[in-house]
Each structure stands twice: as structure tokens, then as C-alpha cells.
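Residue numbers begin at 1 in each chain, while the letters A, B, ... track the order of the sequences.
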2 protein chains.
Amino acid sequence: MSKKALTREAILQQAVRSASQIGISRLTIGSLAEQSGLSKSGLFAHFGSKEALQLAVVQAAQAQFVEEVVKPAFTQPRGMARLRALFHAWVMRLYGSSMPGGCPLLAAAYEFDDQPGAIRDALVAGQRWQRDTLQRLLQDAQDAGELAAGSHVPLLAFMLFGLIQSAHHDHQLLDNHHSAQLALQGFAQLCGTAAPRTDGAST
Amino acid sequence: MSKKALTREAILQQAVRSASQIGISRLTIGSLAEQSGLSKSGLFAHFGSKEALQLAVVQAAQAQFVEEVVKPAFTQPRGMARLRALFHAWVMRLYGSSMPGGCPLLAAAYEFDDQPGAIRDALVAGQRWQRDTLQRLLQDAQDAGELAAGSHVPLLAFMLFGLIQSAHHDHQLLDNHHSAQLALQGFAQLCGTAAPRTDGAST
DNA sequence: CTCAAAAAAGAACGATCGTGCTATTTTGCA
DNA sequence: TGCAAAATAGCACGATCGTTCTTTTTTGAG
């Protein structure tokens, strides 16, 4: 890999961490340069504009999601095992050290939902892809007979994504130490699989 | 009401609308003054600092939530009726004209979850109160025998709040026209009540 | 109507940020 | 090792923002 690409990767890795804490729209070239050991203009030359930098950060965060959540899940056999692996990794990622300030993509969804442009477009595409992936694994599980035949798959995907967001909210803002457990219990209740014991009654 | 208080109310009402679109942390005194027909220093004098202004915006948005969601629900009889009224109003508010850019409190939760200070403290208190209110109405419904006796109330509150967030996300970012319907269907499935027809099978 | 107090306006400041331009250093191939 | 090209640094600019200070306008009670 060229020197330029290496430096760019290092910048983006640090930028994703910073974006996790302060949000993508509040990244500044100056502080990012300082954190990367570069000068403002040196860092700037890698991207050409702040918006291009922010877009690169979004794409880096999306790539990181695929590496940490989607790819590991696909090592599991198709069906409920793969679905559960995806959801668990997705939830557990909220508590890892790679995103100390929360998921930058979820935060960006709120930051840019009213700001048309390339960044919003990238976020929309990425979130649609996440949702589609989740829905596809749900459908696979249902086709394999591991999910109630009458389940409404789009609704399930909608609710599972809600569990992710609720876990993020409870963890980052409310400091609820049970948030991960609640998300996993919710998954178990919705997808009808055995799970960490508590109580999964629903009629 | 004094002139000062009237002007302050008008400023805050406009500020909440703006915060809905750009977020509380990106409010600027200059543009807020322009929108209110005041000068920068004229508006500034009402709050004394930008942080105080932002804090006032948070409190105004929280008060608006109580007026539009909580108070109407409490006109319903205790139990499932009141719970359903709360949830429906909560969801429907996401589609009203008072918050064109989404819920400023949900957005602020992401903006300030890593920024200690008075604003974050106010957000935490407000979100805890929202969750407690939801949980209390769930408990009431369960005590009235209108909710499965084995239901895990904190988990249900966690999941219902996830539905709100998922609806917000789908509506604001993904432009999913079924988001409100999905949230209401999710409520029906979780709380076991009849709801808009589609299919609520689970087992 | 008067006039003191309240409210708002106007102008200016220091700081920060994105960006463009030029000079300097570093890289990697001949 | 020499040298062109790539990468980075240095510097300055215009713009924007929060804030302060002073002046002007507006308000409302006597």
C-alpha cells in the first residue's frame, strides 16, 4: 500500500473514533491533524474538502461495521444461527472499545437526516443495506423453519433495529447496565429462541 | 405575561423548530436572531450564554412533549387505554408539523451523550422520566389484567422505546412510508392488543 | 405626559474554522 | 546516489461565531 493510502487509513481510523464521540459534523480539520500528527494543510490535501473528509469517515465506519458484524455472522450456517450471530455482534459492538462514544453511523443518521447532500445519500444507502441484510437473514431463518411461519419479516427487522437503537440510547445516555441484556432478551422474545434466562412469556 | 417572557417564548418556539432540523448544538445566535426578528445582542440578552440558550431549548422541547403526548394520554382511563394513547400520540408526533426535522430530544441524545454538562444532565433526567412514565403505564395495564401477567415490564418499555426510535429513523432517514404502521403493529404485537390489520402472528 | 427602567440594537473584539498558495521535506525509482 | 514526484508543512485570507460594551428605542407606572 502506498504511503498516501497508509496515512489516509490512519487519519480515518482516528477520525471514526473522534466522530464516535463528537459526531461527524463536528469534526475539525485542525484537531484531526493534531491527533494524526500532521499539519492542517497536510491532512487537508488528503481529502480536498471537509465534506469529502466526512464522506470518507462515513464510508470507513460502514466498512468497519461490515468487518466487525456482518462478515463474522456469515461464518455461521444460514438460518437462525447466522441471524443470531449478526444480532449479537451488532449489539455487542455498542460496548466495544472501537466506538467509545457510540455508533457514529446512528449518530450521523440524526445529524444529517435533514441535510441533503452526498453524506446523507451515503448514510441512506448504508442504512438501507443494513436493514436489507437483517431482513434477508430473517427470511432465511423463516425459510429454514426456524422462525414462526406467520412472522411478519419486515416488522421483525423494524423491531430488531429498534432494539439496537434502544440499547445504544440506554447505554450511552442513561448508563443502563442492563441494556445489552435487554436487547438480547428482546431478540429471544421476538425470534422465539432460547436465550439468557429471565422470562420470555408472551401468552 | 411580561414582554420579556413573551419574546423569550417566541424565541424558544422557533429555536425548537430549528433544533429539530439542524440539532441543538448547531443552533447559532445569529440565525436564531434573524428568524425571530431580533438583533444578535438583543436575543443574546435573553439567555446570557449559548449554553443557557441550548438548555432552555431542551426544557422547552421537553415541556412540549408533555403537552402533546403525556397530558392527552392521561385523559384516558388508567390501564391499556391510557398506555395505548400514550404510545400512539408518541408515534404520531413524529409525523406532525411541529417537528419538521425529527424529534430534537432524540437527536440531542446522540449529540450530547459524550458531552458532560448541564445540557446532558437535563437530557438524561428527561429521558429517564419518559422511560419511567412509559414503564408506569405498562405496570398499570398489567395490574389491571390487560397485559400478560408474565410480561417483563422493563423489557417491554425498552422494546416500545425502540419502536419509537425505529419509526423515527425509518421516517426521517429512510423515508419509509410504513414506519408509523410498523410501530403501531409492533405495539400491538408486544402488548397483545388488536391493531390495524396485517398479521400479528407469534407462535 | 414624564421619565426611569427595561428591552433591543449596533459595533467591535478575539477565537476558530475551511481553504488556497507557496515552500520544504520525504519518498522511491533510474 | 541523484532527482523528479509525491507528501507535508507554513502561512495567510475571509468568513462565522460567541460575547462584551455602549447607545438607542420602547415600555409602562405615576
Using the salt bridge (Lys or Arg N to Asp or Glu O under 4.0 Å) rule, take Arg131(B) and Asp170(A) through it: C-alpha gap first, then chi angles, then the decisive distance, then the call. CA-CA 10 Å; Arg131(B) 181 68 62 91; Asp170(A) 275 34; 2.6 Å; yes
Distance, rounded to the nearest Å, where Leu43(B) contributes CG and dC17(D) contributes P: 13 Å
Reported CG-to-CG distance for the pair Leu123(A) and Leu173(B), which is rounded to 0.5 angstrom: 6.5 Å
From the set dC17(C), dT19(D), dA9(C), return the single nucleotide nearest to any side-chain atom of Ser41(B). dA9(C)
Contact list for DNA chain C against residues 10-39 of chain B - heavy-atom distance below 4.0 Å: Gly37(B), Leu38(B), Ser39(B)
Proximal nucleotide (of dT8(D), dG18(D), dA8(C)) relative to the His46(A) side chain: dT8(D)
Would you kindly check whether a donor in the side chain of Lys40(B) faces an acceptor in the base of dG10(C), or vice versa, at under 3.5 angstrom? no
DNA chain D contacts made by residues 49-58 of chain B, counting heavy atoms under 4.0 Å: Ser49(B), Lys50(B)
Check the orientation of Phe187(A) and His88(A). Use parallel for under 30°, tilted for 30 to 60°, and perpendicular for over 60°. perpendicular
When rounded to the nearest 0.5 angstrom, what is the spacing between CD in Glu68(A) and CD in Gln64(A)? 4.5 Å
Side chain to side chain donor-acceptor pair (under 3.5 Å) between Ser151(B) and Gln142(B), worked out: CA-CA 8 Å; Ser151(B) 296; Gln142(B) 191 177 48; 4.6 Å; no
Closest non-hydrogen atoms of Ser25(B) and Arg26(A), given as atom of the first, atom of the second and distance, are CB-NH1, 3.2 Å
Please give, in whole Å, the distance from dA7(C) P to Lys4(B) NZ? 5 Å
Is it true that Gln127(B) and His169(A) share a donor-acceptor pair across their side chains at a distance under 3.5 Å? yes
Using atom CG of Leu6(A) as one end and atom P of dT27(C) as the other, report the distance to the nearest whole Å. 12 Å
note: Phe44(B), atom CZ; dC21(D), atom P; distance rounded to Å ~ 11 Å
Are Arg93(A) and Phe65(A) in a cation-pi setup, meaning NZ or CZ lies under 6.0 angstrom from the ring centre and within 45 degrees of the ring axis? no
